[in-house]
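Every chain is numbered from 1, with letters handed out A, B, ... down the list of sequences. Values reported hereafter were calculated over all heavy atoms of this structure, with side chains retained and with hydrogens, waters and symmetry mates removed.
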Amino acid sequence: MSSPLSGVAASGGPGCHGRIDRADDPALPPAVLVAVHDDAPDGVVREVCAGAEEQGIPTALLGSVAPGADAAGRHAASESRLEVGVGVGVDGAVVVRHALVSDAVLGLAAGASAAALRVLGADAARIVAGLPLRTLPAAG
Amino acid sequence: MSLVIGVDIGNSTTEACIAEVEGSGIDRLASSLTATTGVKGTPANTAGAVTAVRRALEAAGRPSDALATVLLNEATPVISGLAMETITETIITESTMIGHNPDTPGGEGLGVGTTVTLEALGEVEAGAPAVVVVGAGADFDDVAGALNRALERGVDVVAAVMHGDDAVLVVNRLSRRIPVVDEVSAVDRVPLGMLAAVEVAPPGRTIRTLSDSYGLASTFDLDAEQTRQVSPVARALSGNRSAVVVRTPAGDVTDRRIPVGTLTLTGSGRTLDVGVDGGADAIMEAIGRVAPLTDVHGEAGTHVGGMLANVRDTMTDVTGQPASEIRIRDVLAVDTLVPATVRGGLAGEVSKENAVALAAMVRTSRSRMQAVADALSTEIGCETIIGGVEGEVAVRGALTTPGSSVPIAIIDMGGGSTDAALLDRDGAVSAVHVAGAGELVTKLIDSELGLEDREAAESVKRHPLAKVESFFHVRHEDGTVQFFTEPLSPHVFAKVVTVTPDGLAPVPVRGPLEEVRRVRREAKRRVFVVNALRALVQVAPQGSLRLLGSVVLLGGSALDFEIPGMVADALAPFGVVCGIGNVHGTEGPRNAVAAGLVDAYAGTAAGPTPVEEVAS
């Protein structure tokens, strides 16, 4: 990614490894990858990362050119060593994906509340931890 | 040759068996099963009986005008009721403690200081130990910022108590690692300006100081008498990963026994009062002392009193018999633990309280089967004969199970009552009905797991459990692993589920699978196993189970995946052969009565013998 670091990396918090360029870096501990479009709202990323951090699971941010949350999520999940990825679309929609599951696991449309986004981030971490999910799954 | 149908109207199901009868030869064609409509033995049964007959005809591929005779059992109404009384409660006064278990508390260790709100933290003098109370809606960055500023100023911030689920986030942003307890819903009721202690244990551990009486004494500098007073607080907190204790002038945690009225038991010429709060053992012991029980009354205004009155009223409605003539002949009391919200708790704390569940049963000899038979004749357009009393026909039906022999006893565990009957060597049949069966088991599972969802409880009762361990595999309760090629739904991910014929159904509990399994098996043991033994002792020759010979399990519960094994295990020490009925070697535990009616009609079974009622 050639774009300058936006506020995105800074808002990931202490539980986040910040923005990374390559997911296969052996120095990077296993993490839930959050693929974020450059123009995605910062507040969404902050809440999603905070949710995962409260559960004690590290996250890392991955730049994404895909405007859609689902494509970004698919990319993040396939790159994550924990096989769990979150995609944040340019509109602020969020999709949680597992690398081995063909359908999206969870998702929120654009404009979801901070509390719902926090729970969704926590759920991405809870997939890794093997804990029951708290967001109502997406239709289907 | 004539086409006959035996119809058995049971408490919950109506079964039919259709056969061609020629002389004493029987050619069984098909059977059917439907839900019983109305209370057994009342005219409301007609609809269900008609459905069962129509379905059997359909299954056999015969037109209804080919039907010669419908055979009905002589069913008598049984009304059962259930009630539960919680007999203990835990009350926290003056908000002295917070003892819930948030999923993710922050930091670890013990912090002791004076409670102060986040807003008032700026006014705290440097050096003073503070426990910060954070209200609803505070953002974790702002909270961490405020605490860090106070720490820089020299305020000794030792711990925090928060409303939101933010403890880990706040602790991760602090310059000093302090214990933080979060998800305290009524944080605004935490007493301020009081000495408080917050303790968080490392993951996988439980708190050590606040859950110990002398730990509390050292923390709050208590004398011997004060230590005695706070020991219930320590007990209430043991086993938690995090806790908060506030020292207030009259704060306390009390366990109170709730008076819930008395049961008045009448039998063998005397009357005995027993307090329901004495527990199940005391109640059952009192019932033993007045055996045989002739009637039971409960105190008005209590759940149990209301349930007993309701059972009586329903029977009056059903049979037209005056309430004064209806006697409650059996009661089963079971001790149970129910999760209840602690009064005065700040975080929705739940404690396991003692409760007594009571099942009662009333039975009448006043059957209205003739009305059912008349309505059925009109509806189907053929002759209807009432023949054979349930217990007797069932026992003869059970005797067609390959490998069974006289003396033979049957147990039919239904929804409201457990029935047993014995056919002895002389051909005499005795029958007994005791209170408590499937419904009570469902109720126990529902309340002990705190499900408040009858259908979920019913599913736990009927189906084995499994834990979904990933999107592609589950671990069944016996430890076997099953893989799936299609990913499992996020609805069931990581949950304890029941394995039903329609797929996996989540059980809404937080506890582990083992806990759900233990509750399920204990409920079945305390009702089905206890009642099977209680009923068999009443019909057994000289009351000795050793003289029973064979015991055949009939009815829906004989199809349960674990009840037959549990009952057989309980009977094994008495040298009793116990197994699941297989009527005519093909029908399984169903259809004993319906097939028995056809057999009796064809004259292949021994003629009817008067039933001797041991108890009703």
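Only the side chain of B/Asp103 comes within contact range of chain A, judged by heavy atoms closer than 4.5 Å. At a 4.5 Å heavy-atom cutoff, the contact between B/Asp165 and chain A is made by backbone and side-chain atoms alike. For A/Arg126, the parts lying near chain B are the backbone and the side chain together; criterion is any non-hydrogen pair under 4.5 Å. In this structure, chain A has a heavy atom under 4.5 Å from the side chain of B/Phe471, while its backbone stays farther away.
Residue-environment remark: CZ (A/Arg134) exceeds the threshold of 12 foreign heavy atoms within 6.0 Å. Heavy atoms from other residues, nucleotides or ligands lying under 6.0 Å from CZ of B/Arg176 number more than 12. Residue-environment remark: CD (B/Glu455) stays at or below the threshold of 12 foreign heavy atoms within 6.0 Å. Within 6.0 Å of atom CZ in B/Arg462, 12 or fewer heavy atoms from other residues, nucleotides or ligands are found, so the atom counts as exposed in its surroundings.
Counting all heavy atoms, side chain and backbone alike, B/Asp166 lies closest to A/Arg118 at OD1-NH1, 2.7 Å.
In this structure, the separation between CD on A/Glu53 and OG1 on B/Thr104 is 11.0 Å, given to the nearest 0.5 Å. Here CG of A/Leu133 is found 7.0 Å from NZ of B/Lys495. Values are rounded to the nearest 0.5 Å.
Per-residue counts of heavy-atom pairs under 4.5 Å with chain B were compared for A/Leu100, A/Ile127, A/Asp123, A/Leu131; the largest is that of A/Ile127. Ranked by non-hydrogen atom pairs under 4.5 Å with chain A, the options B/Ala167, B/Pro203, B/Gly106, B/Pro506 are led by B/Ala167.
Taking the ring axis of B/Phe140 as reference, the NZ or CZ atom of A/Arg46 stays within 45° of it and closer than 6.0 Å to the ring centre.
Looking at B/Leu169, B/Val171, B/Asn172 one by one, the single match for side-chain contact (heavy atoms from CB on, under 4.5 Å) with A/Pro14 turns out to be B/Asn172.
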